[in-house]
Amino acid sequence: MRCISVSFIPQEIYPVKTYVSEQLHKVIETLKQQQFLPEELSPQFTVERTRDKSHGDLATNLALTLAKPARSNPRQIAEKIVALLPGESAIKRVEIAGPGFINFFLDESWLAQQVKNALADPRMGVVRIQQPQTVVIDYSSPNLAKEMHVGHLRSTIIGDATARTLEFLGHRVIRQNHVGDWGTQFGMLLALMEERRQQGREISMELADLESFYREAKQRFDASPEFAVRARQLVVALQSGDETCLALWREFLAVSLSHCQKLYDRLGVSLGPDAVCGESAYNDDLPRVISDLDKAGLLTEDQGARCVFLEEFKGQDGTPLPMIVQKKDGGYLYATTDLAALRYRQNQLKAERILYFVDVRQSLHFQQLFAVARKAGFLAADTQTEHMGFGTVMGDDGKPFKTRTGGVAKLAELIDEAETRARALVAGKNPQMDTAELDEIGRVVGIASIKYADLSKNRSSDYLFSFDHMISFEGDTGPYMLYAYTRVASIFRKAGLDEKSITGEILLNEEIERELASSLIRFSEILTRVAERGTPHLLCGYLYELAASFSSFYKNCPVLGAESEPLRNSRLQLCQLTARILRQGLSLLGIGTLERM
RNA sequence: GCGCCAGUAGCUCAGUUGGAUAGAGCAUGUGACUUCUAAUCACAGGGCCGAGGGUUCGAAUCCUUCCUGGCGCGCCA
């Protein structure tokens with residue numbers, strides 16, 4: 001053990017991890033000069049936050065990784081390293097523990113200073129990115145022929161949270177809602193619209209329930225040969241630009257898009273009409289995609305279809321797998337459209353990074369898409385493309401989520417049910433609350449429940465959708481997060497204080513206060529990782545930890561009734577920062593907060 | 001057949017890319033509401049990390065072989 005002090009006083013939230021790691025690199029250089037380590041060695045070590053408080057706040061395994069090259073005992077190496085470390089005000093003391101870990105204990109006054117800095121910063125210590133990228137994010141992207149259903153939830157919600165996070169960090173985010181607004185299925189829909197209009201029925205009424213309209217069109221298509229013929233004619237007419245047909249199509253899209261927009265608005269999803277850039281937008285470009293693939297020497301005709309074969313994708317019996325870009329009847333496929341979209345995002349939108357929040361089952365498609373686009377020169381060499389795949393939404397029975405009647409669950413109905421359930425629970429807790437407030441709280445809590453349940457799970461695995469889990473108001477749920485926030489808010493309300501009006505020192509004498517403080521200064525680090533990996537569940541995990549830490553603080557450390565004025569002011573400031581980070585963090589998840597509930 | 005993903009407490013899930021005694025929530029048991037909202041807090045029990053083998057100071061994590069489940073694999077999107 002060794003005590004050190006002095007020197008470095010950070011002016012902003014300084015990633016202490018980075019600092020420690022830099023110092024360790026210097027120590028390695030010194031050890032090389034002393035010929036204790038071979039000159040060419042570049043050890044792979046980590047500096048990590050510890051899980052167990054008895055191991056300090058940070059730990060490094062450097063000594064362990066050096067044991068072999070230095071041909072020495074790890075604990076002895078650790079002692080050598082510690083002796084070479086400079087004094088540092090952020091670190092109170094350093095210990096060598098276990099097989100040779102070096103543990104760093106953060107200094108409370110340093111921690112307190114970090115909290116002060118975060119309080120003074122409108123961004124709560126979240127660093128603005130040094131080199132902003134233009135990031136195109138493809139998410140939600142429903143099929144406009146049908147109503148949005150539970151399957152669209154994950155893409156929409158996870159994509160949106162990632163978009164907000166990237167934006168907050170300072171990136172230029174361009175949202176792209178690649179809606180399915182083109183293709184053969186529109187033939188039968190237009191045919192049914194036409195038929196209804198001839199019968200003198202009001203189209204807007206007919207389209208009020210898109211799902212049943214689609215079902216009926218499908219039934220008619222299957223049952224009536226005349227209807228099917230008309231549907232096919234309409235597809236041809238649509239694709240050849242027939243005006244009356246296009247007018248009908250636009251009318252349908254307008255209804256379907258406004259239905260989507262209503263859901264986005266209800267869900268608090270930051271997608272608007274400006275983000276809509278559907279399949280039809282690329283229609284005119286598709287022949288050019290084919291000819292450009294041909295020019296690049298990638299096109300092969302096989303059994304009448306035009307394909308791109310790539311060596312790295314093998315299908316059955318080891319033969320290369322084709323990516324079909326044009327059918328033998330001349331029609332194009334989604335691969336063609338995706339290539340066109342990719343090129344548009346690169347050339348017109350100037351994307352430096354393109355993210356796709358699409359079902360993980362399409363991963364082969366995206367691997368092929370990216371590979372072909374690169375070979376064809378549709379992408380700049382340093383443009384990143386990532387398929388942010390997600391798993392299937394499952395029901396309680398472990399099978400893909402269905403309604404009680406076995407049908408696909410409409411998103412609108414799921415939201416209705418969540419709001420109703422949330423409202424009932426809130427009403428049970430607050431019998432005297434008036435109807436208007438109950439409605440509002442039920443709405444916010446219902447939406448928060450759905451979104452938090454989805455966002456808090458790892459993107460890539462399947463996800464079990466269960467109202468009972470998400471709306472039980474206990475533990476790691478949306479309502480818990482909102483409740484934690486209202487408790488902070490109630491302190492300020494009770495005291496009649498404005499959040500911003502408190503000053504004074506930050507005192508971290510209680511272990512709980514220290515824990516809360518160390519949670520509070522990690523916000524920036526977490527957001528960076530969410531943005532890198534498209535994983536909002538890390539933000540959920542962090543906010544839950546913060547909320548839990550606050551709840552414990554709230555219970556055990558009286559704020560308004562603190563024993564002294566300086567302590568009261570210190571705690572009020574911890575409350576203030578907690579409130580701001582919870583509010584900001586939830587807002588990045590697309591979840592609103594309530595002042596009381 | 002080939003390929004991708006998953007398998008962690010009774011249930012739902014984490015696990016910081018190889019670190020120390022594998023963590024949360026629900027459920028179960030115990031304790032705490034004249035106190036800033038008990039939608040909470042404190043504490044307890046609960047594990048062959050699907051199985052075997054390997055790599056090394058050290059493996060839930062990497063390699064390998066199996067088992068189980070899901071999903072892809074030529075003209076739908």
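Chain A is the first sequence line, chain B the second, and so forth, proteins listed ahead of strands; every chain is numbered from 1. No hydrogens, no waters, no symmetry mates; every other heavy atom, side chains included, goes into these values.
Heavy atoms of A:Asp338 sit nowhere under 4.0 angstrom from any nucleic acid atom. Residue A:Glu545 is out of contact with every strand shown, counting any heavy-atom pair closer than 4.0 Å. No contact: A:Val488 has no heavy atom under 4.0 Å from any strand. Note on A:Lys328: a base of the nucleic acid sits closer than 4.0 angstrom, heavy atoms only. Note on A:Asn458: only backbone sugar-phosphate atoms sit closer than 4.0 angstrom, heavy atoms only; bases stay farther off. Within 4.0 Å of A:Thr184, counting heavy atoms only, lies no atom of the nucleic acid at all. Within 4.0 Å (heavy atoms only), A:Phe492 reaches no atom of the nucleic acid at all. Nucleic acid contact class of A:His537 (heavy atoms, under 4.0 Å, all strands): sugar-phosphate only. Residue A:Cys557 is in base contact, counting any heavy-atom pair closer than 4.0 Å across all strands shown. A:Val559 comes within 4.0 angstrom of a nucleotide base, judged by non-hydrogen atoms across all strands.
Aromatic rings from A:Tyr483 and A:Phe473 are positioned such that their centres are separated by 6.0 Å or more. In this structure, A:His178 has its ring center at least 6.0 angstrom away from the ring center of A:Tyr334.
Remark: A:Arg568 is not in phosphate contact with B:C36, judged by side-chain N or O atoms under 4.0 Å from OP1 or OP2. Taking 4.0 angstrom as the limit, A:Ser461 places a side-chain polar atom (N or O) nearer than this to OP1 or OP2 of B:A14. At B:A77, none of the side-chain N or O atoms of A:Tyr334 fall inside 4.0 Å of OP1 or OP2 (strictly under the cut-off). Dashed line: the shortest gap from a side-chain N or O of A:Lys429 to OP1 or OP2 of B:A39 is under 4.0 Å.
Residue A:Arg533 places its side chain closer to B:U17 than to any other of B:U40, B:U17, B:C75. Side-chain atoms of A:Lys555 lie closest to B:A38 of the nucleotides B:C75, B:A77, B:A38. Of the listed nucleotides (B:G25, B:A39, B:C41), B:A39 has the atom at the smallest distance from the side chain of A:Asn430. Here B:U37 is the nucleotide among B:U37, B:U40, B:U17 with the atom lying nearest to any side-chain atom of A:Tyr554.
Taking a pair to require two hydrogen-bonding distances under 3.5 Å in either a Watson-Crick or a G-U wobble arrangement, B:G47 remains unpaired. B:C71 and B:G3 make up a base pair, with Watson-Crick or G-U wobble contacts both under 3.5 Å. With a 3.5 Å ceiling on both atom-pair distances, the Watson-Crick or G-U wobble partner of B:C26 is B:G10.
In this structure a side-chain-to-backbone donor-acceptor pair under 3.5 Å is present from A:Thr528 to A:Ser524.
Rounded to whole Å, the distance from CZ on A:Arg493 to P on B:C36 is 13 Å. Rounded to a whole Å, the NE2 atom of A:His365 is 9 Å from the C1' atom of B:A77. The distance between atom CD1 of A:Ile491 and atom P of B:C36, rounded to the nearest whole Å, is 10 Å. As rounded to whole Å, 9 Å separates atom P of B:C36 from atom CG of A:Leu560. A straight line from OH of A:Tyr485 to C1' of B:C36 spans 15 Å, rounded to a whole angstrom.
Residue side chain A:Phe101 meets the stacking definition with respect to B:A20: its ring centre sits within less than 5.5 angstrom of the base's six-membered ring centre, and the planes differ by less than 30 degrees.
Taking all atoms of both residues into account, the shortest heavy-atom contact from A:Thr593 to A:Leu482 is CA-CD2, 4.0 Å.
Within a 6.0 Å radius of CD in A:Glu301, more than 12 heavy atoms belonging to other residues, nucleotides or ligands are found.
Below the 3.5 angstrom threshold, one finds a donor paired with an acceptor across the side chain of A:Arg51 and the base of B:U16.
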